[in-house]
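By convention here, the first residue in the shown sequence is residue 1.
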Amino acid sequence: MEPHKLFLTILIIPLIIFHTSTPCAAANSKLFREYIGAMFKDVKFSDEPTNPNVDFHFILSFAIDYDGLNSPSPTNGKFNIFWDSTNLSPSHVSSIKSKHPNIKVAVSLGGYTVGSEFAYFKPFSIHSWVSNAVTSLTSIIKTYGLDGIDIDYEHFQADPETFAECIGLLIKTLKKSKVISFASIAPYADDEVQRQYIALWKKYGNIIDYVNFQFYAYDKGTTIPQFLSYFNNQSSNYVGGKVLASFQSDLSRGLTPEHGFFTACKMLKSQEKLHGIFVWCADDSKANGFIHEKQSQEILATH
Ligand SMILES: *[C@@H]1O[C@H](CO)[C@@H](O)[C@H](O)[C@H]1NC(C)=O
């Protein structure tokens, strides 16, 4: 190779690599998401106000690969329904989606507890877990007419490589067969939880659409500057990810609407970093008429 061509090659390749690996362009979105159905408080999709100018995701909570509430045992990827399926049934899903074309419905996997015990991610092997999960979830998703999955395991009896491979292959397979059109993860600031989810993100972040980071798992009394610094830190942990802002509607933890959550969201919006807002959870919000959900959706809907 002639010297000047070699020089150009050396110059151009890093430019291309640098350019294509720049974290995906910052941009606001109108995505509003809310978990629903974990607490059996009779909440229905139709109880919640829906602004027609947002993209709205209900996230059914939870499907768990455990066998029941009485002395529950893990089932190695065979998922069962643990949300309030009386009030949130297949016909409720089809009815809310037909009335509101901006609504999609997802299912969250895992959760903090099953019955009164921790719900563990505990696969027997990668292959068997993925195979069971694909089969059982495909059936649930088709029966209920769902659009996506959310990953919310919070306790682990497996190493991060196993978690990354199982969840990555599950998402990849369900997307390839067009059973789902989107997937999200729901980590929070805990060393072991972050170790697991960051390993997943490093290998499969390109097929994960949203990061439902549980900012409400930070202390009660979180201030606006603290919230913004947590947000920036997590955006760098999940590089290129659409990290969503979040609050807990019983107002027990994190930065709450009363203490400046919406101010923080507007600041993120002015920096083109508001990829959406999600709330835990509709079951609790029903009591106050979803006032903070209305406010969240207004912020997302307006320019
Ligand atoms: C940022 O995130 C990392 C990884 O979870 C954590 O170890 C660190 O303490 C965080 N820093 C701040 C300032 O929150």
Side-chain angles (χ1 to χ4, degrees), residues 35-40 59-85 106-144 146 148-177 179-180 183-205 207-208 210-214 217 237-238 280-281:
Y35 291 91
I36 187 167
M39 294 178 178
F40 292 80
I59 307 175
L60 293 164
S61 314
F62 292 94
I64 318 176
D65 54 331
Y66 269 70
D67 60 6
L69 287 176
N70 297 324
S71 56
S73 305
T75 55
N76 191 39
K78 290 181 187 158
F79 280 86
N80 288 301
I81 290 164
F82 284 85
W83 71 81
D84 178 0
S85 58
V107 57
S108 185
L109 312 183
Y112 196 74
T113 51
V114 53
S116 53
E117 295 172 26
F118 287 163
Y120 285 102
F121 177 73
K122 194 182 178 183
F124 175 71
S125 71
I126 293 171
H127 178 80
S128 61
W129 190 92
V130 172
S131 162
N132 287 336
V134 167
T135 305
S136 58
L137 288 170
T138 298
S139 162
I140 291 172
I141 291 165
K142 288 194 167 166
T143 303
Y144 277 79
L146 309 180
I149 59 171
D150 175 62
I151 309 300
D152 188 34
Y153 279 104
E154 309 200 1
H155 307 285
F156 301 87
Q157 286 180 359
D159 56 41
E161 291 67 34
T162 303
F163 179 64
E165 215 45 43
C166 285
I167 300 299
L169 291 176
L170 171 65
I171 294 172
K172 200 170 159 181
T173 308
L174 294 179
K175 279 195 166 179
K176 199 169 173 195
S177 61
V179 170
I180 59 168
S184 58
I185 55 173
Y188 63 98
D190 167 273
D191 288 347
E192 174 62 11
V193 169
Q194 289 281 63
R195 214 163 65 87
Q196 299 275 348
Y197 281 91
I198 290 172
L200 168 63
W201 184 261
K202 285 200 170 131
K203 185 129 188 236
Y204 289 103
I207 55 170
I208 297 168
Y210 315 107
V211 179
N212 276 15
F213 199 87
Q214 299 183 45
N237 286 332
Y238 297 90
W280 175 270
C281 61

The salt bridge (Lys or Arg N to Asp or Glu O under 4.0 Å) partners of Lys122 (sequence neighbours excluded) come to none
Step through the shown structure and confirm whether more than 12 heavy atoms of other residues, nucleotides or ligands are within 6.0 Å of NZ on Lys172.
no
May I have the step-by-step check of ring-ring contact (aromatic ring centres under 6.0 Å, His included) for Phe156 and Tyr120, ending in yes or no?
CA-CA 5 Å; Phe156 301 87; Tyr120 285 102; 8.8 Å; no
For Tyr204 and Ile171: C-alpha separation, side-chain torsions, deciding distance, then whether side-chain contact (heavy atoms from CB on, under 4.5 Å) applies.
CA-CA 9 Å; Tyr204 289 103; Ile171 294 172; over 6 Å; no
Does Ser184 have any side chain to side chain donor-acceptor pair (under 3.5 Å) partners at least two apart in sequence or in another chain, and if so, which?
Arg33, Asp150
Could you check Trp280 against Gln214 for side-chain contact (heavy atoms from CB on, under 4.5 Å), going step by step and ending with a plain yes or no?
CA-CA 9 Å; Trp280 175 270; Gln214 299 183 45; over 6 Å; no
Atom pair CG/CD1 of Leu200 and Ile167 - distance to nearest 0.5 Å
7.0 Å
Run Asp152 and Phe62 through side-chain contact (heavy atoms from CB on, under 4.5 Å) and show every step you take.
CA-CA 9 Å; Asp152 188 34; Phe62 292 94; 3.2 Å; yes
On a heavy-atom basis, the closest approach of Ser136 and Gly77 is OG-O, 3.1 Å
Candidate list Tyr112, Tyr66, Phe163, test ring-ring contact (aromatic ring centres under 6.0 Å, His included), partner His155, passing option
Tyr112
For side chain to side chain donor-acceptor pair (under 3.5 Å), just list the numbers for Thr135 and Asn132, CA-CA rounded to whole Å, side-chain angles, deciding distance to a tenth of an Å, and then say yes or no.
CA-CA 5 Å; Thr135 305; Asn132 287 336; 5.9 Å; no
Taking the side chain as every heavy atom from C-beta outward, state whether Ile180 and Leu137 have any atom pair closer than 4.5 Å.
no
Under the salt bridge (Lys or Arg N to Asp or Glu O under 4.0 Å) test, residues paired with Glu117 that sit two or more places apart
none
Rounded to the nearest 0.5 Å, what's the gap from CH2 on Trp129 to CG on Asn76? Could you check?
9.0 Å
Interatomic distance, Gln157 atom CD to Thr162 atom OG1 [nearest 0.5 angstrom]:
12.5 Å
For Thr143, what residues pass the side chain to side chain donor-acceptor pair (under 3.5 Å) criterion, not counting sequence neighbours?
none
Do Ile198 and Tyr238 come close enough that some side-chain heavy atom pair is under 4.5 Å?
yes
Over 60° means perpendicular and under 30° means parallel, so classify the ring planes of Tyr153 and Phe121, tilted if in between.
perpendicular
Test side chain to side chain donor-acceptor pair (under 3.5 Å) applied to Tyr197 - qualifying residues, sequence neighbours left out:
none
Nearest 0.5 Å, please: how far is CD1 in Ile126 from OG in Ser131?
13.0 Å
Could you tell me which non-hydrogen atom of Phe82 sits nearest to which non-hydrogen atom of Asp67, and how far apart they are?
CZ-C, 4.5 Å
Any non-hydrogen side-chain atom of Ile149 less than 4.5 Å from a side-chain atom of Leu170?
yes
Between Tyr188 and Phe213, is the gap from one ring center to the other below 6.0 Å?
no
Tell me, yes or no, whether the heavy-atom count around Phe124 atom CZ, taken from other residues, nucleotides or ligands under 6.0 Å, exceeds 12.
no
Nearest heavy-atom contact between Trp83 and Ser61 is CB-O, 3.1 Å
Any chance you could measure Leu174, atom CG, to Leu169, atom CG, to the nearest 0.5 Å?
11.0 Å
About how many Å separate OG of Ser108 and CG of Asn212, when rounded to the nearest 0.5 Å?
8.0 Å
Please identify each residue that fulfils salt bridge (Lys or Arg N to Asp or Glu O under 4.0 Å) with Lys203, with sequence neighbours left out.
Glu165
Quick one: does Ile36's side chain get under 4.5 Å of Leu60's, heavy atoms only?
yes
Give the minimum heavy-atom separation between Pro187 and Gln194, together with the two atoms involved.
CB-OE1, 3.8 Å
Restricting to non-hydrogen atoms, name the atom on Gly110 and the atom on Ala119 that form the minimum distance, rounded to 0.1 Å.
O-CB, 4.4 Å
Heavy-atom closest pair (Ala63 atom, Val107 atom, distance to 0.1 Å) is CB-CG2, 3.7 Å
